[in-house]
Amino acid sequence: MSGPLWLVPGEGKDRTDDLPDVPRPQRPQWAAPDPVDELAGRMGDLIAAAVHPDEIAAIIESDGMSDDQIKLTYGRENSFALAEELYERVPRRYPEPDRVLTDPWRVSLLGCLLRALVFALPGLAYVVGSHLLSGPPDSRGLPAGTLPLLAGALAGWVWNQALAHRAYSWLGLGERWPAARSLAVGAPLGALFGAGVAWAVGVADADAPGAGAFAAGQAVYLGAATALPVFGQERWLLCALAPVGLGAALMAVYVPPDPVREGLLVLSLGAALALAAVTVWRCRSEPRHDGPAPRAVASVPYGLFGLAIGVLVLHTALGDVLRYGAHAEVAAPAAVALTLSMGPAEWLLYRYRSRAVAGLRASTTFAAFWRATSGALARCLACYLAVLALLGGVGSAVWRQGPPMDWAHALGLLCLGTVLWTALLLQAFGAVPVAAAVCGLAAIAQTVLLVAGPLSPAVAQLIVCGVAALVLGGLVSVLLGRATAHR
């Protein structure tokens with residue numbers, strides 16, 4: 001692949017320059033031009049910019065040439081054989097742009113950290129509204145309403161992940177009103193779905209009557225929190241969460257009366273709902289869409305991916321509680337660390353894409369491009385794991401009720417972080433079915449080990465997520481090591 005290149009006739013030397021002079025048959029002047037030479041001249045710039053023959057084959061196929069046409073016109077077996085020859089005939093060069101290039105993947109680190117804070121703050125609602133969840137423990141020794149609320153949260157997460165993808169699909173077509181309309185219809189349905197799942201699991205138990213209201217509010221909030229970030233309104237959502245943050249800060253000093261705590265929860269929920277409604281309503285004057293709509297089934301893998309990730313994070317946060325009951329220590333710091341790390345994770349995903357595009361421009365061979373992208377991948381992943389380890393260590397030191405960050409919990413957290421980051425990277429490149437399949441199998445395996453396995457939740461997570469991390473790492477290396485993935 002990295003050997004000498006065939007040059008365009010008349011330019012430079014070919015591969016036989018270092019051999020004894022041997023008479024070579026000359027093409028008669030009356031003969032028709034070589035059609036491969038004509039194709040190389042016509043596609044010269046595109047061929048020269050390719051770092052792998054597969055890119056040229058993709059260009060040939062996009063022109064509508066079938067293998068039969070290629071055999072008839074160029075005398076080559078198929079598009080890949082023709083691409084190999086064109087790749088050897090045309091020297092590698094990247095066309096210089098007419099203007100200064102701008103990095104399309106440069107984003108603000110502060111904006112990513114803001115989104116991570118928006119993701120983490122809703123967890124304080126469980127602290128402020130803890131009195132609504134008080135009641136006798138269930139048969140497993142868990143606090144009242146724990147399993148139904150978790151089931152409702154997972155249901156809402158799955159629905160809204162798929163809904164967000166559908167809205168983004170509309171925005172990718174430049175259609176703001178259809179995106180807003182899909183949110184206006186889908187978010188209320190998602191709220192009903194999440195609340196219905198929570199109630200079906202048993203949240204309306206007479207021993208925890210307040211949990212029903214909390215589950216309904218949780219479902220409504222998830223819908224509003226989906227609509228606002230789709231239209232880039234994270235700051236509005238942060239303002240809506242201010243009352244919850246205030247309530248959590250007050251509880252660090254003293255416990256406010258129950259009506260005050262409930263009022264703060266309702267205030268945050270109402271603000272998020274109102275701001276989401278305003279955001280959607282503003283799009284009503286946008287032009288209507290006349291073309292074909294994105295396929296709804298294309299959003300299903302994103303929902304399944306959200307379910308798998310939610311289950312894995314749930315095992316990290318509450319694996320010991322679900323296995324051993326209410327007397328087990330709560331592993332909340334790990335979940336908080338994962339949530340807060342999503343800001344740096346997002347920034348590093350963009351950083352990887354930026355470095356990959358730079359490598360694509362600078363590399364002259366496939367091997368050089370693979371080395372550039374692999375190095376960028378290793379550096380970005382290492383940076384993310386360092387941030388996650390720091391957050392996990394700080395959280396464990398601050399949250400005394402949680403388990404100590406021993407080797408099993410620490411390595412399990414890092415393995416899960418590797419799974420999350422590599423899966424999100426595959427999702428960013430459109431390989432979400434593959435990421436969803438691997439993460440889904442990992443979630444199923446960890447659930448089975450939690451229910452019936454002899455291992456502790458921390459060791460089970462270490463084994464399952466370690467294997468999943470190796471699989472996803474190999475998939476990233478194979479799928480994203482191709483130049484065509486970064487075009």
Side-chain angles (χ1 to χ4, degrees), residues 107-125 152-153 155-195 215-247 263-291 293-294 296 298-299 302-303 306 339 342-343 346-347 350 427-428:
V107 296
S108 168
L109 177 59
L110 182 60
C112 294
L113 295 178
L114 174 64
R115 279 188 286 277
L117 185 61
V118 168
F119 296 153
L121 278 178
L124 297 177
W157 197 348
V158 172
W159 181 279
N160 288 294
Q161 283 276 71
L163 178 62
H165 174 261
R166 181 156 182 80
Y168 279 122
S169 299
W170 278 116
L171 289 179
L173 298 175
E175 304 290 349
R176 289 176 59 85
W177 167 243
R181 184 178 56 197
S182 65
L183 291 168
V185 174
L189 292 177
L192 292 174
F193 177 59
Q218 173 182 259
V220 172
Y221 172 79
L222 287 174
T226 300
L228 287 170
V230 165
F231 289 100
Q233 300 297 339
E234 288 89 353
R235 288 181 173 81
W236 282 22
L237 188 56
L238 183 63
C239 293
L241 291 169
V244 169
L246 175 62
L264 291 173
L265 291 173
V266 171
L267 183 59
S268 275
L269 177 61
L273 186 60
L275 292 173
V278 169
T279 301
V280 170
W281 182 253
R282 282 181 171 179
C283 298
R284 71 189 187 281
S285 59
E286 297 286 341
R288 296 324 194 241
H289 177 72
D290 295 327
S299 299
Y302 289 83
T339 304
M342 287 298 100
E346 181 185 5
W347 186 79
Y350 281 105
Q427 177 185 264

Which pair of non-hydrogen atoms, one from [X] and one from [Y], has the smallest distance, and what is that distance?
X: Phe231; Y: Leu183; answer: CE1-CD1, 3.5 Å
X: Leu275; Y: Ala240; answer: CD1-CB, 4.2 Å
X: Val118; Y: Leu241; answer: O-CD1, 3.8 Å
X: Val280; Y: Ala184; answer: CG1-CB, 3.9 Å
X: Leu228; Y: Ala272; answer: CD1-O, 4.1 Å
X: Leu269; Y: Tyr221; answer: CD1-N, 3.7 Å

Open item on the list: Determine whether a donor-acceptor pair (N or O, by modelled atom type, separation under 3.5 Å) exists between the side chain of Ser268 and the backbone of Val244.
Closed with: yes

TODO: Indicate yes or no for a side-chain donor-acceptor contact from Arg284 to the backbone of Trp281 under 3.5 Å, with no hydrogens or angles considered.
DONE: yes

Open item on the list: Under the side-chain contact (heavy atoms from CB on, under 4.5 Å) test against Pro243, which residue among Leu265, Leu267, Val266 passes?
Closed with: Leu267

- [ ] Show the numbers, then the answer: is there a side chain to side chain contact (heavy atoms under 4.5 Å, CB included) between Glu234 and Leu238?
- [x] CA-CA 6 Å; Glu234 288 89 353; Leu238 183 63; over 6 Å; no

To the nearest 0.5 Å, what is the distance between [atom1] ([X]) and [atom2] ([Y])?
X: Leu237; Y: Arg115; atom1: CG; atom2: CZ; answer: 12.0 Å
X: Leu171; Y: Trp177; atom1: CG; atom2: CH2; answer: 13.0 Å
X: Cys239; Y: Gln233; atom1: SG; atom2: CD; answer: 10.5 Å

- [ ] Applying side chain to side chain contact (heavy atoms under 4.5 Å, CB included), run through Tyr302 and Arg166 and close with a yes or a no.
- [x] CA-CA 10 Å; Tyr302 289 83; Arg166 181 156 182 80; over 6 Å; no

Open item on the list: Is the ring pair Trp159/Phe193 parallel, tilted or perpendicular, if the boundaries are 30 and 60 degrees?
Closed with: tilted

